[in-house]
Each structure stands twice: as structure tokens, then as C-alpha cells.
S.K.: 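My structure is below; once you've seen it, I'll send some questions.
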Amino acid sequence: MKNILILPGDGIGPEIMAEAVKVLELANEKFALDIELSRDELGGAAYDKYGVPLADETLERARAADAILLGAVGGPQWDTIDPALRPERGLLKIRSELGLFGNLRPALLYPQLAAASTLKPEVVSGLDILIVRELTGGIYFGQPRERLVKDGQRMAYDTLPYSEHEVRRIAKVGFDMAMVRNKKLCSVDKANVLASSQLWREVVEEVAADYPEVELSHMYVDNAAMQLVRAPKQFDVIVTDNMFGDILSDQASMLTGSIGMLPSASLDANNKGMYEPCHGSAPDIAGQGIANPLATILSVSMLLRYSFNAVKAADAIEQAVSQVLDQGLRTGDIMAEGCRQVSTAEMGAAVVAALKNL
Ligand code: NAD
């Protein structure tokens with residue numbers, strides 16, 4: 001029996017989660033996955049219930065779970081509380097407490113939505129790449145970092161450290177992901193300039209010896225940024241450090257033009273993970289029943305694929321989403337001419353119906 005902890009969060013979180021849970025429950029039944037669900041609160045909802053954005057008992061439940069499915073956190077009603085208790089603090093704490101160092105950000109563009117991208121449809125149609133970003137090391141955490149005055153000038157510096165252990169474990173995630181996809185991995189660095197990147201490249205090469213089936217390439221980050229907009233479909237999996245991954249994953253996600261469609265995962269060393277849509281809690285549309293639940297439904301697919309290796313169930317959910325788009329059903333954020341605009345619940349029900357019939 002595998003346990004999934006459900007954390008709906010704030011804003012549109014509970015609305016999109018309700019639909020994702022219906023899809024998850026059906027997949028559980030249809031593919032005999034032996035999954036049980038438990039629920040708790042994170043973010044503003046946890047602050048309202050427990051007085052903190054991540055209660056100790058919730059953290060314990062998260063540690064004990066096999067995977068976590070999260071909606072989104074945050075909202076204007078918590079903007080004025082003690083900064084240490086803000087909803088986003090709960091999210092950062094659960095990531096760091098669980099050691100979720102591997103951030104997976106797919107950029108997947110269903111051909112039916114190609115017109116939503118700012119790039120030409122032929123460049124992005126059918127785009128399906130996965131960026132694996134190192135999430136707990138590198139320049140965002142490196143010490144020393146300092147701001148000072150030297151010779152009458154203000155100056156500041158940061159430090160970009162990586163140990164071989166940190167590189168090896170994220171490289172392994174990259175190779176593991178390539179193995180369950182198209183077996184192509186591109187490691188992105190700046191090894192022509194940075195010492196940390198030279199170590200990165202060296203260690204990635206060493207890890208490659210354990211994955212003879214994966215075709216490994218290396219690319220400098222400036223070229224990768226260019227290639228992502230020139231010919232993004234050349235990539236399958238990209239593995240890169242914290243800062244490069246931060247920038248490239250945002251760039252790649254915008255190739256798809258639609259934030260309501262993109263799932264993400266953060267994994268630890270045993271592929272235990274927390275899965276969530278890339279978007280936030282969208283307080284501007286919360287409570288109206290119009291949010292797009294597909295990013296959260298696709299997060300369920302990622303969860304089944306990467307934490308439980310339930311490839312058939314994951315594929316089926318993605319196929320069901322594709323069929324619903326084929327039927328011309330769209331929530332407001334992806335609405336296009338000639339399509340039918342539907343509510344959050346109608347979109348969820350359509351995915352459930354498509355999955356049932358597969
Ligand atoms: P946001 O992603 O919540 O919203 C940006 C825009 O996209 C809004 O116009 C929103 O209506 C729209 N949008 C987002 N998700 C959508 C969906 N599923 N369907 C349709 N439209 C959707 O970002 P924001 O407005 O900058 O932040 C709002 C709150 O969310 C803030 O409190 C912020 O801190 C929080 N946030 C949380 C997370 C997270 O939980 N991982 C991530 C980003 C922002």
C-alpha cells in the first residue's frame with residue numbers, strides 16, 4: 001500500500017485538487033495501484049488551522065508518505081502577517097526538510113495548444129522536454145556571500161560551490177529520467193569559464209559510465225538558452241545547476257505559452273517526491289470555478305511515473321488530457337476560437353470520462 005499526502009493549499013488549490021484527486025482515484029482503481037490518500041493543510045490554510053504554515057504533525061505525515069501532491073499556497077489575506085509565518089515559508093520548509101534537491105520541470109506543449117506559444121507553431125508543436133534542476137545547492141546557498149565597501153566602492157559577491165556528491169546525485173536523477181523517456185541527456189554548464197562547472201562536467205561524465213544506454217551531450221548555458229528558442233525539440237532531458245536551471249526552466253515553460261498546463265516535481269535521493277503545478281494560488285480567480293485543473297492532473301501523472309514507476313497509468317492520464325483537448329474543451333486561460341469554454345469541474349469530469357474509456 002502506498003500513501004499519498006494531499007495538500008490542497010490556498011486560493012484555487014482546493015478547486016484544482018478536487019479534480020486531480022478524482023483522476024487519481026480512478027487511476028488507482030483502473031490500474032490496481034494500491035494507493036491510499038491522506039489529507040492535511042499547507043500554507044495559509046495551515047496558518048489558519050494550526051497557526052503556522054507547516055505544522056510539525058504535517059511534516060511528520062509528509063515524511064511518512066510515499067509521495068505528496070500539492071495544490072498551491074499564498075494569498076493576499078496572509079500578506080500582512082509575520083513574514084516568518086507566511087504561506088510560502090511552509091513550502092520552502094517542506095522542500096528543505098524533505099531534502100528535495102531534484103526539481104523536474106517539464107515543458108510539454110500539446111499540439112492542440114500550439115497557437116498559445118509566442119514561438120511559431122512548427123517550432124514548438126509537440127514539444128516535450130524535461131529540465132532537471134539542482135534545487136538545494138549552488139550560488140543561491142553558497143557561503144561566503146557578502147556586501148561590503150572597499151576603497152570607497154560598494155561591492156558584493158556570492159559563492160558558487162558544488163561538491164561531487166551534490167553533482168553526482170542530481171546527475172543520477174537526470175540519467176534516470178532520460179532512461180524512462182527518450183534516453184537523451186544534455187548537461188548544461190559554463191565549463192569554459194567556471195571551476196564549479198568543470199567539476200560538474202567531470203562528475204556527470206563519471207556517472208554516465210553507469211548509463212551506457214543514454215546518449216549524453218554537454219552544452220554551455222549561453223548556447224542552451226539560444227537553442228531553447230531556436231530548436232527546442234532537439235532536447236529530451238536537460239540537467240543543470242540551481243541558477244542555470246532557474247532561468248532555463250522559466251524560459252522553457254514559457255515556450256508552451258500557458259501556465260495552467262505545467263506540472264512539476266521535487267525529488268529526494270529515493271525518488272520520493274512532492275508534485276505540484278508550476279503556477280501559484282491565483283487569488284484573482286479563486287472561488288469562481290474557472291481555474292485550469294490540468295497542471296495538477298498532469299502532476300498526478302508525473303507522480304505515478306516518477307515515484308511509483310506506474311508508467312501505464314501515467315501515460316493514460318496524459319492521453320486522457322490530450323483527448324479532452326482534441327474535443328475542443330478549454331478553460332478560460334487556454335481558450336481559443338472554435339473551442340468550448342468549460343469550468344474547472346467540467347474539465348476534471350471530461351478527463352475522468354476520457355480515462356474511463358481508455
Ligand atoms: P499565479 O501563478 O498564482 O497567477 C498568475 C496568473 O496566472 C494569474 O492571472 C492567475 O489567474 C493565472 N493562473 C495561474 N494558475 C492558473 C490556472 N490553473 N488556471 C487559470 N489561470 C491561472 O502567480 P501570482 O499571481 O504571482 O501569485 C499568486 C499567489 O501564489 C502569491 O501568493 C504567490 O506567492 C503564490 N505562489 C505560489 C506558488 C506555489 O505554491 N508553488 C508559486 C507561485 C506563486
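For ligands, and for the atoms within them, numbers begin at 1 and follow the listed sequence. Computed from a predicted structure; not experimentally measured.
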S.K.: In terms of atom number and element, which parts of ligand 1 are under 4.0 angstrom from non-hydrogen atoms of E276?
M.R.: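 In order of number, 41 (N).
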
S.K.: Below 3.5 Å, N or O to N or O, backbone or side chain included: is there any such pair between R95 and ligand 1?
M.R.: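 R95 vs ligand 1: no N/O contact under 3.5 Å.
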
S.K.: Which residue is it: L216, L185, D189? I am looking for the one with a side chain to side chain contact (heavy atoms under 4.5 Å, CB included) to V239.
M.R.: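 Of the listed options, the one satisfying the test is L185.
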
S.K.: Counting only heavy atoms on the protein side, is anything nearer than 4.0 Å to atom 19 (N) of ligand 1?
M.R.: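 Yes, there is a protein heavy atom closer to it than 4.0 Å.
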
S.K.: Does F244 have R133 sitting over its ring (NZ/CZ under 6.0 Å from centre, angle to axis within 45°)?
M.R.: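 No cation-pi geometry.
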
S.K.: G75 heavy atoms, cut-off 4.0 Å: which ligand 1 atoms fall inside?
M.R.: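 Close to G75: 32 (O).
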
S.K.: Charged N to carboxylate O under 4.0 angstrom, E206 versus R168?
M.R.: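 Looking at E206 and R168, the cut-off is met.
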
S.K.: Could you tell me which atoms of ligand 1, counted from 1 in the order shown, lie closer than 4.0 angstrom to a heavy atom of A72?
M.R.: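 Under 4.0 Å from A72, ligand 1 has these atoms: 40 (O).
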
S.K.: Under 4.0 Å, heavy atoms only, figure out whether ligand 1 is touched by the backbone of V73, its side chain, both or neither.
M.R.: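 Near ligand 1, V73 shows its backbone as well as its side chain.
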
S.K.: Would a search of protein heavy atoms around atom 37 (C) of ligand 1 find one under 4.0 Å away?
M.R.: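 Under the 4.0 Å cut-off, atom 37 (C) of ligand 1 does have protein heavy-atom neighbours.
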
S.K.: Indicate whether the side chain of E134 and that of T240 have a donor and an acceptor atom separated by less than 3.5 Å.
M.R.: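 Not at all, the side chains of E134 and T240 share no donor-acceptor pair under 3.5 Å.
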
S.K.: Please say whether A291 places an N or O atom under 3.5 Å from an N or O atom belonging to ligand 1.
M.R.: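 So ligand 1 has no N or O lying under 3.5 Å from an N or O of A291.
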
S.K.: Using a 4.0 Å cut-off to any heavy atom of L91, which atoms of ligand 1 qualify?
M.R.: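 Listed by number with element: 39 (C), 40 (O), 41 (N).
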
S.K.: With the threshold set at under 4.0 angstrom, would you say I16 reaches ligand 1 through any of its heavy atoms?
M.R.: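 No.
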
S.K.: If you draw the axis of the six-membered ring of F31, does the NZ or CZ of K312 fall within 45° of it and under 6.0 Å from the ring centre?
M.R.: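 Because its charged atom misses either the 6.0 Å distance or the 45° angle limit, K312 does not stack over F31.
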
S.K.: For atom 15 (N) of ligand 1, is the nearest protein heavy atom closer than 4.0 Å?
M.R.: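 Flag for atom 15 (N) of ligand 1 set to true, protein heavy atom closer than 4.0 Å.
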
S.K.: Begin from the C-alpha positions of E318 and R305 and carry the test salt bridge (Lys or Arg N to Asp or Glu O under 4.0 Å) through to its verdict.
M.R.: CA-CA 11 Å; E318 285 167 19; R305 186 182 305 281; 3.3 Å; yes

S.K.: Parallel, tilted or perpendicular: which fits the ring planes of Y211 and F175, with parallel below 30° and perpendicular above 60°?
M.R.: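 Geometry flag for F175 against Y211: parallel rings.
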
S.K.: Do E164 and E166 make a side-chain contact, defined as non-hydrogen atoms from C-beta onward lying under 4.5 Å apart?
M.R.: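 Result no, sub-4.5 Å side-chain heavy-atom pair not found.
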
S.K.: Give the residue, atom name and distance (to 0.1 Å) of the protein heavy atom nearest atom 31 (C) of ligand 1.
M.R.: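 Nearest protein contact, heavy atoms only, for atom 31 (C) of ligand 1 is E88 OE2, 4.1 Å.
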
S.K.: Looking at atom 25 (O) of ligand 1, tell me if a protein heavy atom falls under 4.0 Å from it.
M.R.: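 Within 4.0 Å: no protein heavy atom nearby.
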
S.K.: Under 4.0 Å from atom 29 (C) of ligand 1, can you find at least one protein heavy atom?
M.R.: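 Flag for atom 29 (C) of ligand 1 set to true, protein heavy atom closer than 4.0 Å.
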
S.K.: Just to confirm, does any protein heavy atom lie below 4.0 Å from atom 34 (O) of ligand 1?
M.R.: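 Yes, at least one protein heavy atom sits under 4.0 Å from atom 34 (O) of ligand 1.
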
S.K.: Which atoms of ligand 1 sit under 4.0 Å from any heavy atom of P283?
M.R.: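 Answer, ordered by atom number: 28 (C), 29 (C).
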
S.K.: So for S281, does at least one of its heavy atoms come nearer than 4.0 angstrom to any atom of ligand 1?
M.R.: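 The answer is yes: ligand 1 sits under 4.0 Å from a heavy atom of S281.
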
S.K.: Please work out whether any backbone atom (N, CA, C, O) or any side-chain heavy atom from C-beta onward of L70 is under 4.0 Å from ligand 1, and answer side chain, backbone, both or neither.
M.R.: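 Neither; nothing of L70 gets under 4.0 Å from ligand 1.
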
S.K.: Give the contacting part of N292 toward ligand 1: side chain, backbone, both or neither, where contact means a heavy-atom distance below 4.0 Å.
M.R.: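 N292 to ligand 1: contacts from backbone and side chain alike.
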
S.K.: Charged N to carboxylate O under 4.0 angstrom, E25 versus K22?
M.R.: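 Judged by the 4.0 Å cut-off on N to carboxylate O distance, E25 and K22 do not form a salt bridge.
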
S.K.: Give the single entry among G74, G280, G332 that approaches atom 1 (P) of ligand 1 most closely by any heavy atom.
M.R.: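 The residue whose heavy atom sits nearest atom 1 (P) of ligand 1 is G280.
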
S.K.: How close do L304 and A27 get, heavy atom to heavy atom, and via which atoms?
M.R.: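 In terms of heavy atoms, the two residues are closest at CD1-CB, 4.2 Å.
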
S.K.: What protein heavy atom lies closest to atom 9 (O) of ligand 1? Include the residue and the distance to one decimal.
M.R.: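 Checking every protein heavy atom, the shortest distance to atom 9 (O) of ligand 1 gives D284 OD2, 2.9 Å.
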
S.K.: Applying the salt bridge (Lys or Arg N to Asp or Glu O under 4.0 Å) test to R181, which of D128, D315, D176 qualifies?
M.R.: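 Only one option passes, and that is D128.
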
S.K.: Please tell me if the side chains of E19 and M347 come closer than 4.5 Å, counting only heavy atoms from C-beta onward.
M.R.: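 No, too far: nothing below the 4.5 Å cut-off.
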
S.K.: Are there more than 12 heavy atoms of other residues, nucleotides or ligands under 6.0 Å from atom CD of Q153?
M.R.: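 Counting other residues, nucleotides and ligands, CD of Q153 stays at 12 neighbours or fewer.
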
